[in-house]
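Below, each value reflects all heavy atoms present in this structure, side chains not excepted, and no hydrogens, waters or symmetry copies.
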Amino acid sequence: MAIAMAWHKPDNVAGSSAPAIMVGLFVACGGLLFGYDTGTISGILAMTAFREQFSTGYTDPKDHRPNVSPAQSSQIVSILSAGTFFGALLAAPLGDRLGRRVSLIIAVAIFSFGVLLQTLAMHIPILISGRFVAGLGVGVVSVLVPLYQSEMAPKWIRGTLVCAYQLAITTGLLLAAIVNILTESRDDINAFRIPLAMQFVWAGILLLGLILLPETPRYLIKRNRHTAAALSLSRLRRLDITHPALIEELAEIEANHEYELSLGPSQYRDVFLGSPHLGRRILTGCGLQMLQQLCGCNFIFYYGTTFFERINIRNPFVIQLITNIVNVVSTLPGMVLVESLGRRRLLMIGASGMAVSQLIVASVGTALPDSYVANVVLIAFVCCYLFFFAASWGPVVWVVTSEIYPLKVRAKSMSISTASNWLLNFGIAYGTPYLVGDSPGLNLQAKVFFVWGAFCVISLAFVWCMVYETSKISLEQIDEMYERVDHAWNSKSFQPSWSFQEMRDEGGSTSGIQLTEHEDARRRTGTSASAAESGTTMTEEDKIIAQLGDVDMSY
């Protein structure tokens with residue numbers, strides 16, 4: 001029953017959530033860009049045509065055929081993550097200055113140029129340059145897509161919509177595995193050029209859709225464009241511009257933003273030192289993003305095909321396809337459970353399941369190396385690991401980091417936390433070939449899963465101590481929770497007691513100055529028409545009605 005209710009719009013929510021849901025699901029397709037690129041390079045590195053074209057004289061000691069060296073493989077794979085790191089940092093000033101939607105359009109254009117370089121590349125330097133440029137675009141997208149979704153989604157389904165970003169990533173991985181299987185047997189350069197060029201399709205679809213989508217109401221309020229914010233929210237909620245529910249939601253966003261502004265201008269130091277407890281929040285976001293990588297997910301996605309080859313598993317491309325199918329399907333229960341179980345509990349369940357699966361793989365693979373039994377167990381528990389990851393840490397980390405920051409520093413905080421994800425992503429992508437390759441003393445093979453399993457245990461403790469439960473409350477109410485709740489393990493019982501709008505209506509302005517008795521009485525009685533005529537100070541509802549009451553909505 002709880003799961004069924006998770007996707008049921010509450011009876012007290014006015015209007016329709018369908019437009020916001022459709023917009024959120026479409027924008028989530030930005031995850032295809034990263035997911036497909038990740039899955040593509042995993043297969044391309046194992047293609048005969050790619051190895052022969054890009055080999056610079058290195059011979060693989062396993063099969064004595066031309067190949068790229070471990071160092072070159074590290075550079076080719078990891079350079080995308082280096083680009084995404086800088087792209088994530090670029091997303092904050094870009095998103096705050098130009099808007100979430102326009103910045104996403106620019107990011108897709110940058111990504112497309114990087115894909116063009118990769119597709120035309122016939123030598124490693126051009127290929128690396130293309131992957132770095134594409135990474136810049138992916139980095140901006142990885143910050144702004146969850147940010148866009150969280151700022152326009154109704155609170156009752158916000159987590160599910162942000163989870164759709166991870167679903168798009170897993171779908172991209174699956175599509176890449178399918179395309180790789182269809183082209184890997186070719187003996188010409190089209191074996192790897194076709195998978196690379198397919199990225200233009202996903203980028204083109206996203207670009208065309210973004211041209212038609214609205215900007216988020218919260219960003220428009222941040223830029224003091226109240227009329228445009230009301231119009232955008234009206235489209236997303238399918239309500240008349242003067243509907244009381246729409247006026248109330250918009251007024252709460254405005255009141256919260258004005259309160260934040262009263263505390264001073266937004267600077268990067270506020271991300272770490274601001275109130276309430278922004279330092280704790282950025283630590284939570286960065287910790288979650290880094291631990292998501294240290295749990296070993298991208299080891300499977302980046303090097304799965306070559307890893308399965310090295311431990312003598314037949315048909316490694318097919319095994320990679322199976323793991324990607326598991327990854328996609330397993331994301332679906334996570335999209336439901338994120339609302340019914342909550343963010344915190346789902347992350348702890350996922351970390352426990354991942355730890356057990358990883359440690360079993362490491363133990364069996366170490367005790368019975370190169371045996372049929374070990375390979376069967378490895379494949380089975382890698383799939384179990386992917387189930388727990390895809391249903392929890394894959395999507396929920398993006399949900400939490402898109403929710404816990406206040407509007408004033410949201411873009412800056414998300415860019416820093418997401419950049420920490422890409423920094424660890426780069427380190428894992430660059431270092432893994434040395435960990436599991438044939439280098440003397442570093443040939444860990446299945447033992448590498450001991451490392452990932454240990455970080456899964458650390459992840460469980462981190463969630464218990466640091467992650468607050470943010471489901472079922474608005475983005476504005478999360479500030480109150482951090483102000484009133486001292487410990488993360490007590491956050492489940494939090495109930496909002498006030499809103500920024502109510503605080504001001506009780507007689508306090510955002511600057512802390514008490515209102516006069518006349519102003520306070522007028523706010524309580526809500527005389528919007530007379531206030532507009534007499535020129536006295538109006539509430540946010542009164543301002544919106546007075547400014548926009550005559551606007552004709554035809555959505």
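- Of the possible polar contacts, none joining the Thr366 side chain to the Ser363 backbone as a donor-acceptor pair under 3.5 Å is found.
- In terms of modelled atom types and a separation under 3.5 Å, the side chain of Gln75 and the main chain of Val77 share no donor-acceptor contact.
- With a 6.0 Å radius and a threshold of 12 heavy atoms from other residues, nucleotides or ligands, Ile126 has its CD1 atom at or below the threshold.
- A donor-acceptor contact shorter than 3.5 Å links the side chain of Arg131 to the backbone of Ile76.
- Figure legend: cation-pi geometry between Arg344 and Trp489 absent, as NZ or CZ is not positioned both under 6.0 Å from the six-membered ring centre and within 45° of its axis.
- No salt bridge links Asp188 with Arg193; every basic N to acidic carboxylate O contact stays at or beyond 4.0 Å.
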task: Test side chain to side chain contact (heavy atoms under 4.5 Å, CB included) on Leu33 and Trp202 and set out the steps.
output: CA-CA 7 Å; Leu33 306 185; Trp202 327 129; 4.1 Å; yes
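- Pairing each heavy atom of Arg158 with each of Glu339, the nearest pair is N-OE2, 3.7 Å.
- Gly87 and Val140 make their closest contact through O-CG2, 3.3 Å (heavy atoms, listed as atom of the first residue, atom of the second, distance).
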- request: Determine, step by step, whether Glu469 and Ser471 satisfy the side chain to side chain donor-acceptor pair (under 3.5 Å) criterion, reporting the C-alpha distance in whole Å, the side-chain angles of both residues, the deciding distance to 0.1 Å, and the verdict.
  value: CA-CA 6 Å; Glu469 182 55 65; Ser471 63; 2.8 Å; yes
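- Not one N or O on the side chain of Tyr468 forms a donor-acceptor pair closer than 3.5 Å with the backbone of Ile478.
- Leu294 and Phe455 make their closest contact through O-CB, 3.4 Å (heavy atoms, listed as atom of the first residue, atom of the second, distance).
- Taking each heavy atom of Ile110 and Gly137 in turn, the nearest pair found is CG2-N, 3.9 Å.
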- request: Evaluate the criterion salt bridge (Lys or Arg N to Asp or Glu O under 4.0 Å) for residue pair Arg65 and Glu52; output intermediate values, then yes/no.
  value: CA-CA 8 Å; Arg65 293 165 56 191; Glu52 292 177 349; 5.2 Å; no
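- Distance check: Phe132 CZ to Thr84 OG1 gives 9.0 Å after rounding to the nearest 0.5 Å.
- The aromatic ring centres of Phe54 and Phe192 sit less than 6.0 Å apart.
- Thr183 is not listed as a side-chain neighbour of Asn190, based on a closest heavy-atom distance of 4.5 Å or more.
- Leu206 contributes atom CG, which lies 7.0 Å from atom SG of Cys29 (distance to the nearest 0.5 angstrom).
- A donor-acceptor contact shorter than 3.5 Å links the side chain of Gln292 to the backbone of Gly394.
- With a 6.0 Å cutoff to the six-membered ring centre and a 45° limit on the axis angle, Arg281 counts as a cation-pi contact of Tyr482.
- The six-membered or imidazole ring of Phe34 lies near that of Trp422, with a centre-to-centre distance under 6.0 Å.
- When side chains are defined from C-beta on, Gln166 counts as touching Phe389, because their heavy atoms get closer than 4.5 Å.
- Here the side chain of Glu184 pairs no donor or acceptor atom with the backbone of Met47 at under 3.5 angstrom.
- Considering all non-hydrogen atoms of both residues, Cys295 and Trp452 come closest at O-CB, 3.5 Å.
- Using a cutoff of 4.0 Å between basic side-chain nitrogens and carboxylate oxygens, Lys412 and Asp270 are not scored as salt-bridged.
- Between the Tyr219 side chain and the Asp96 main chain, a donor and an acceptor come within less than 3.5 Å of each other.
- The one candidate from Ser150, Cys163, Ser142 that meets the side chain to side chain contact (heavy atoms under 4.5 Å, CB included) condition with Trp398 is Ser142.
- No more than 12 heavy-atom neighbours from other residues, nucleotides or ligands sit within 6.0 angstrom of CZ on Arg345.
- With ring centers used as reference points, Phe426 lies 6.0 Å or more from Phe85.
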field: Audit row: Tyr268, Val409, side chain to side chain contact (heavy atoms under 4.5 Å, CB included) steps and yes/no
entry: CA-CA 8 Å; Tyr268 269 98; Val409 297; over 6 Å; no
message: Run Tyr148 and Val23 through side chain to side chain contact (heavy atoms under 4.5 Å, CB included) and show every step you take.
response: CA-CA 10 Å; Tyr148 185 99; Val23 169; 3.6 Å; yes
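- Using a 3.5 Å distance cut-off with no hydrogens or angles, the side chains of Ser402 and Gln149 do not pair a donor with an acceptor.
- Using a 4.5 Å cut-off on side-chain heavy atoms (C-beta onward), Ile416 and Cys286 make contact.
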- prompt: When you look at Ile404 and Thr284, which way does the side chain to side chain contact (heavy atoms under 4.5 Å, CB included) test go after all the steps?
  reply: CA-CA 9 Å; Ile404 60 175; Thr284 300; 4.3 Å; yes
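- In this structure, OG on Ser420 lies 9.0 Å from CD on Gln293, to the nearest 0.5 angstrom.
- Between the OG1 atom in Thr323 and the CG atom in Leu174 there is a gap of 9.5 Å [rounded to 0.5 Å].
- Between the Ser55 side chain and the Asn67 main chain, a donor and an acceptor come within less than 3.5 Å of each other.
- Val400 places a side-chain heavy atom less than 4.5 Å from the side chain of Leu288.
- Although no hydrogens or angles enter the test, the distance criterion places a donor-acceptor pair under 3.5 Å between the side chain of Ser103 and the main chain of Leu94.
- Residues Ile169 and Tyr36 are not in side-chain contact: their nearest non-hydrogen atoms beyond the backbone lie 4.5 Å or more apart.
- Salt bridge present: Arg410 and Glu151 bring a charged side-chain N and a carboxylate O closer than 4.0 Å.
- Within the 4.5 Å cutoff, side-chain heavy atoms of Leu196 are placed close to those of Ile44.
- Within 6.0 Å of CZ on Phe113 lie no more than 12 heavy atoms contributed by other residues, nucleotides or ligands.
- Ala92 and Ala411 make their closest contact through CB-O, 3.5 Å (heavy atoms, listed as atom of the first residue, atom of the second, distance).
- Residues Leu359 and Phe449 fail the side-chain proximity criterion, which asks for heavy atoms closer than 4.5 Å.
- Here the OH atom belonging to Tyr385 is positioned 9.0 Å from the CG atom belonging to Asn327, to the nearest 0.5 angstrom.
- With hydrogens and angles ignored, the 3.5 Å screen pairs no side-chain donor or acceptor of Thr418 with any backbone N or O of Ser415.
- To the nearest 0.5 Å, atom CZ of residue Arg186 and atom CD1 of residue Ile194 are 4.5 Å apart.
- Side-chain atoms of Leu45 and Phe50, non-hydrogen and from C-beta on, do get closer than 4.5 Å to each other.
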